[in-house]
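Shown next, in structure tokens, is the structure this report addresses.
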Amino acid sequence: MGIPVTSAVQAQAQAADGLATFEFFVWFGSSEATSTETLPVTSAAISADGATGDVGTDGSQAAALSSFASLGETAPASPPACVWLASGSSVEESNRIGQMQDSTGSGSQVRWTYNTEADSSFGVGVSGSLTSGYSGDGSYSVSNSIGSSGGFPENAGFNEFVDGHFYRQRYASDLDSGGHPICGHRYKAEFRRSVGDSYPGANAPAKDPYGRCGNDPNGLATMAAHGGFYNADRGHATNYSGAATIFDLSVHGQTGYTGDIHVDYTNNSSLSEYVCGNAELPDAPILWPNNNSGV
Amino acid sequence: MRPRRLARFGLACLLAAACAGLAAACGSSITGLVGNLNHGNSAGISVLAGEPADYTGFLENRTGQAIVLESARLLPLPGFATPRLVHVTIEAGRDFAVAARDWPPSGGDYHLHPFVGTRVPSGGRVRILYSVLATKLGEYGDAGIRVTIRASGDTGSVTVQSVAGTCVVPSSDAECTASFQQRIAKAAG
């Protein structure tokens with residue numbers, strides 16, 4: 001079980017010498033029990049005197065909880081459902097959904113195709129504050145299921161990330177409208193739906209680290225000159241660590257795992273062109289092309 | 001007599017359909033042949049009439065035992081005229097041909113080995129280069145090849161997916177149309 005260090009937790013720790021008090025609720029069948037623990041909010045190891053836990057390699061702490069006291073007859077039949085209520089309107093944002101590169105050889109062309117039902121998955125953020133202090137809390141799958149389908153062609157030398165528009169929705173816990181205290185004053189934000197468009201993104205991804213396909217240890221695929229083409233299924237998803245932002249939180253994104261995104265290479269140049277990638281083809285999530293002059 | 005003949009004919013059709021649909025059950029119990037590694041991908045090229053077009057399919061052996069490749073036949077692609085299969089071989093080098101011309105294809109370091117008799121160890125993967133031919137102008141497509149294998153005296157077969165579009169053009173400076181390329185990509189899913 002993880003406990004997010006929200007802005008509310010940080011505020012309490014600042015006011016109490018780095019300590020924050022948590023109330024844990026546990027349900028055993030239809031019986032409810034609680035335990036109250038005061039834990040340090042720090043990346044430093046908890047002292048042996050406290051004997052409550054150790055800091056893990058990722059900075060997380062393990063804490064032993066004291067015994068739980070039964071609440072007896074007041075226990076609910078089951079854990080309460082923390083209902084999230086939409087807070088404000090959805091906001092359209094530009095998220096990263098892929099990347100596309102092309103050879104710089106004259107006559108080379110590349111096209112990004114983004115079909116309906118192409119799924120994306122983006123991180124979900126939670127916070128104790130409306131517009132800041134968000135931390136990651138799982139992911140949410142977004143389907144491009146509104147009937148949109150499209151893409152864009154590019155010419156030789158293209159090397160950019162590909163972005164698409166998604167709608168982000170913020171939710172608030174229902175404590176103020178009678179919800180259970182366990183739900184707390186919390187906010188959650190996630191991307192709920194896709195516009196279904198795609199376009200060149202703002203930044204350029206890293207180029208082939210091997211310099212050219214001929215040096216790629218994963219091998220290479222050859223497209224003949226004067227009209228060879230390769231429509232590469234991007235069903236092998238790539239995970240981007242900074243694919244989207246939720247207020248002050250950068251979240252991961254993953255697109256293409258349903259296989260409805262393609263990068264289409266057409267070699268209308270007079271030289272053979274190669275496609276290689278960061279894994280053995282045809283499984284490579286990232287592809288890099290160049291021609292037999294290495295450009 | 002007529003009703004009895006019709007009944008026999010119907011029974012024969014039923015058996016034929018059952019064996020066509022359940023090839024593994026009728027001919028082999030070999031499981032673990034993976035031929036869909038290229039699923040979703042497609043490729044193509046323009047060629048002159050009578051000029052071979054070459055494509056690659058992938059086969060992985062997860063049967064738990066070594067297999068030996070025996071034969072291959074071309075699979076039609078619905079909605080397209082089917083070319084003729086003229087060559088099958090193994091690409092053993094670092095390169096493989098996504099879409100190439102002539103036979104053997106030029107422009108790559110393919111290290112071609114004979115297809116028939118190739119032994120694929122358990123856990124191994126092979127790249128199968130096949131070549132098709134069409135003699136009339138037009139647009140052709142295939143869905144890959146059906147490969148027959150042998151393992152421990154048993155025989156089985158597997159579809160090696162490779163959606164490929166071959167357009168036969170009147171001159172060497174002509175290329176496949178964008179709409180043909182898109183239709184091929186769509187057929188690959």
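Treat the numbers as computed from the prediction; the structure is a model and nothing was measured. Order of the sequence lines fixes the chain letters, A, B, ..., with proteins taken first and strands second; residue numbering starts at 1 for each chain.
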Write down the atom of [X], the atom of [Y], and the distance for their closest heavy-atom approach.
X: V98(B); Y: A221(A); answer: CG2-CB, 3.1 Å
X: D283(A); Y: L37(B); answer: OD1-O, 4.3 Å
X: R94(B); Y: C213(A); answer: NH2-O, 3.7 Å
X: A224(A); Y: R101(B); answer: CB-NH1, 3.9 Å

For this session: To the nearest 0.5 angstrom, please state how far the CZ atom of R111(A) sits from the CD atom of Q182(B).
Result: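 Between R111(A) CZ and Q182(B) CD, I get 6.0 Å after rounding to 0.5 Å.
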Problem set entry | From L281(A) atom CG to D95(B) atom CG, the distance as rounded to the nearest 0.5 Å |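 One gets 11.0 Å once the value is rounded to the nearest 0.5 Å.
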Exercise. Within residues 152-169 of chain A, which positions have a heavy-atom distance to chain B below 4.5 Å?
Worked result: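 Those residues of residues 152-169 of chain A which would need a heavy atom under 4.5 Å from chain B do not exist here.
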Problem set entry | chain A contacts, top residue of G44(B), G108(B), A178(B) (heavy-atom pairs, under 4.5 Å) |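 Result: the option with the highest number of such pairs is G44(B).
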Problem set entry | Exam field: side chain N41(B) to backbone D233(A), donor-acceptor pair closer than 3.5 Å |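 Yes, because the side chain of N41(B) sits within donor-acceptor range (under 3.5 Å) of the backbone of D233(A).
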Exercise. Would you find a donor on one side and an acceptor on the other, under 3.5 Å apart, between the side chain of H226(A) and the backbone of S46(B)?
Worked result: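 The answer is no, because no donor-acceptor pair under 3.5 Å joins these two groups.
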For this session: Determine the option with the most heavy-atom pairs under 4.5 angstrom with chain B, choosing from V275(A), D216(A), N292(A), D264(A).
Result: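 Ranked by contacts with chain B, first place is D216(A).
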Chain B contact via [X] - which portion, at a heavy-atom distance below 4.5 Å:
X: T222(A); value: both
X: Y265(A); value: backbone
X: N267(A); value: neither

For this session: Would you indicate whether R84(B), at its atom CZ, is surrounded by more than 12 heavy atoms from other residues, nucleotides or ligands within a distance under 6.0 Å?
Result: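 No - once you tally the heavy atoms of other residues, nucleotides and ligands closer than 6.0 Å, there are 12 at most.
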Exercise. Where does F58(B) contact chain A at under 4.5 Å (heavy atoms): side chain, backbone, both or neither?
Worked result: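 Answer is side chain: those atoms of F58(B) sit under 4.5 Å from chain A.
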